[in-house]
Amino acid sequence: MGLLGLALAMVSAQKVNAVLHLELEKRLHAALLTSHPGSNINAVRVMPAPDTKFGDYQCNALMTLARVLGVAPRQLATEVVAQLNVSDLCEPVEIAGPGFLNFRLKPDAIAAVLAAAARGEHLFFVPAGATARTYVVDFSSPNVAKPMHVGHIRSTGIGDSLVKVLRRLGHRVITDNHLGDWGTQFGMLLLGWKTRLDPKALAADPIAELERLYKEVNALCDDSKPTFDPAIRDTAKNELVKLQAGDEENLGIWGEMQRLSQLQFDSVYGRLGVGFDYTLGESFYNPWLQGVVDELVARGLARSSKDAVAVFADTLWPDTANRPAPKDNAFLVQKDGEWVDQPALIKKSDGGFNYMTTDLATIAHRVREWQPDEIIYVVDDRQAAHFRQLFTIAAHWHPDWTARTRLTHVGFGKICGADKKPLKTRDGNTPKLAALLDEAEDRALQLVTEKRPELPEARRKEIARVVGLGALKYQDLLPHRTSDYVFNWDKMLALTGNTAPYVQYQFTRAAKVVRDGRGQDLGRISSPKVVLAEDQELALAKLLLNYGHTLNRVAEDYCPNFLCNYVYELASAYSRFYDNCPVLKAEEPTRASRLLLCELTAKVLQEGLALLGIETIDEM
RNA sequence: GCACCGAUAGCUCAAUUGGAUAGAGCUUCUGACUUCGGAUCAGAAGGUUGCAGGUUCAAGUCCUGCUCGGUGCACCA
């Protein structure tokens, strides 16, 4: 492209807005500031309308603003609309009900955005650019020497999807897998390894053997069980202390457990398509733990208690006048009608450290190393209380850090069986993740074999892999992350309804039309005139426009389910379009225009699924 | 006991700073098509959003009380 061509392309790129409702919002702000100078425009948003009968976009903020300004809502709306010039993009703005503004886009304005997207100028959003933020995302975090189980799906899937969305929006993201490789369980594991290891079993299935050792020794160390043996417990504790003090033999065994576990992690993450920039487990922070405790004690933020060291409400807020109300204080709990301490332990009476200490050291490292704007912890909701304490301690420890770096716990609910209780296998155990992935692929293979018996086995297996793993991930991401949900093989693999196979199938249909269309008519869809005449064409086009808005909402609320619902809506809108509007059989220029709709739909479906960690395939 | 989270159609789940007549899917029933791969589409049926109050122009969403369920409450992570 010559210089002139480049300059023209830039001018044309400036003329077209990638996100129409943000342009409407900008003009609405200007109108409001003209009619009512000094108004607070921050909350004045233009967003997709809940129902097409109200138009395409709406603003409901003027009703709230009218109260602040002390004027009648409809009058305010009338005065603002009088200053608003959006006639190039919309039909005349309608003031509805108590003071809603309804915007109805002109098909030509929509067509212009689609044409720009087809030229590759944008995909319905504006990357963060100068406003890009730096995130550290802490997710997955499996335990060394234990099998990854069903519980790890959520953290891994939600975390990975958030990472992908944030990166796509142009943010800098550092992923860190905070492995559980240094806790109390290693005392028991070391004892088990030294006294009751079965080398043959270890060679056959290392993780299963390590799990067996842990379970056996744990039963002897648990004082609530009849098998409890205090001598064994003390020995196990001693092994841990030796490990954490740098004992060579124990470090060697621990390293071997680590290596064996990493093989498992690599295998599972490989299948899931998940990767990490860093894998800094708890052990990485061992050298700094004593320093964290010393510092907190020296600053008076922690004190000794019952041979342990802990952070208390009275060490954080020595002056009772500043102390939060007991109900809002993460360091108090009511027992028998009285508020008593709920301290956060940072050093145990046996000299060992707790994960609170490790988590504090981890914050220190991440802040110093990466200066993030935000650290996101994708961790089970049951740990909410821990994170409240952790974030509070961090804020007292280094207020400058928490002023710069926002700490966010992104919690999630549990996966249940049909009985609404946590999912278990038939024999009452927690299902292992690898077995779950196997079963997803096996069940998908059965379905593919039924539908497409003519395909060679290798092809069917590849389709089954993409469909099975996609179904499993999609089911997990579809409910709001804070909800518990019921795990159901038949439902997730169903070819109808809000499932990955349905969305993947609509993608294959769109991709097929594009392939066939290009084959017959190469090059003709590069910059066709976009004609939006039929209802189904318009509905599909308008949904495409909202892709970027959806990504922003996912990032703002840490909720991948918004993207699931979006791709499902887009897929079903495509299906309605495909049913009603012939593409390849249509006359020009309709044909090229519809082909472009197919192309953009395929692109957005493919990318949207990819941001959910789900692959697509050309045929199913 | 206290705190946190939840309770929405028969079932599984949504619902964007509080926004308009609470939406999907599954199931059931009915219909469309000599398919640009029907693994499709259309229509119907299905609700006092756990209960009782309150705030608001507007409440599934916010506040208060209650019922039921889940989770967490010092040396596991």
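Keep in mind it's a predicted model, so treat the numbers as computed, not measured. Just so it is clear, the values below take in all heavy atoms, side chains as well, and ignore hydrogens, waters and symmetry mates. Residue numbers begin at 1 in each chain, while the letters A, B, ... track the order of the sequences.
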Point to revise | Phosphate OP1/OP2 of B:C33: any A:Tyr578 side-chain N/O under 4.0 Å | key: no
Output one line per pair: protein atom, nucleotide atom from nucleotides 5-14 of chain B, and distance, for all N/O pairs under 3.5 Å.
unit_1, atom_1, unit_2, atom_2, d
B:U12, OP1, A:Lys420, NZ, 3.0
B:U12, O4', A:Lys491, NZ, 3.3
B:C13, OP1, A:Val486, N, 2.5
B:A14, OP1, A:His480, N, 2.6
B:A14, OP1, A:Ser483, OG, 2.5
B:A14, O2', A:Asn565, ND2, 3.4

Review point. For A:Tyr574, what residues pass the ring pair (Phe, Tyr, Trp, His ring centres under 6.0 Å) criterion, not counting sequence neighbours?
Key: A:Phe577, A:Tyr578
Practice item. Look at A:Ser575 and B:C41 and indicate whether a side-chain polar atom (N or O) is within less than 4.0 Å of OP1 or OP2. Key: yes
Expected rows: protein N/O vs nucleotides 17-20 of chain B N/O, under 3.5 Å:
unit_1, atom_1, unit_2, atom_2, d
B:U17, N3, A:Ala43, O, 3.1
B:U17, O4, A:Asn60, OD1, 2.6
B:A20, N7, A:Gln58, NE2, 3.2
B:A20, N6, A:Gln58, NE2, 3.1
B:A20, N6, A:Asn102, OD1, 2.5
B:A20, N1, A:Asn102, ND2, 3.2

Review point. For RNA chain B, which consecutive runs of 3 or more Watson-Crick or G-U pairs (each distance under 3.5 Å) count as stems?
Key: B:1-7 with B:67-73, B:10-13 with B:23-26, B:28-32 with B:40-44, B:50-54 with B:62-66
Revision key, fill the gap. A:Trp489 meets the ring pair (Phe, Tyr, Trp, His ring centres under 6.0 Å) criterion, sequence neighbours left out, with A:Phe487
Which donor-acceptor pairs under 3.5 Å do the side chains of residues 552-564 of chain A make with protein atoms, sequence neighbours left out?
unit_1, atom_1, unit_2, atom_2, d
A:Asn552, ND2, A:Gly548, O, 3.4
A:Tyr558, OH, A:Glu374, OE2, 2.4

Review point. When you check the gap from the basic side-chain N to the acidic O, do A:Asp618 and A:Lys512 get nearer than 4.0 Å?
Key: no
**Study point:** Under-3.5 Å donor-acceptor pair between A:Ser305 side chain and B:A74 base
**Key:** yes
Check your understanding: Does the side chain of A:Lys421 get closer than 4.0 angstrom to OP1 or OP2 of B:G69 through an N or O atom?
Key -> no
Review point. Does A:Arg388 have a side-chain nitrogen or oxygen under 4.0 Å from the phosphate oxygens OP1 or OP2 of B:G72?
Key: no
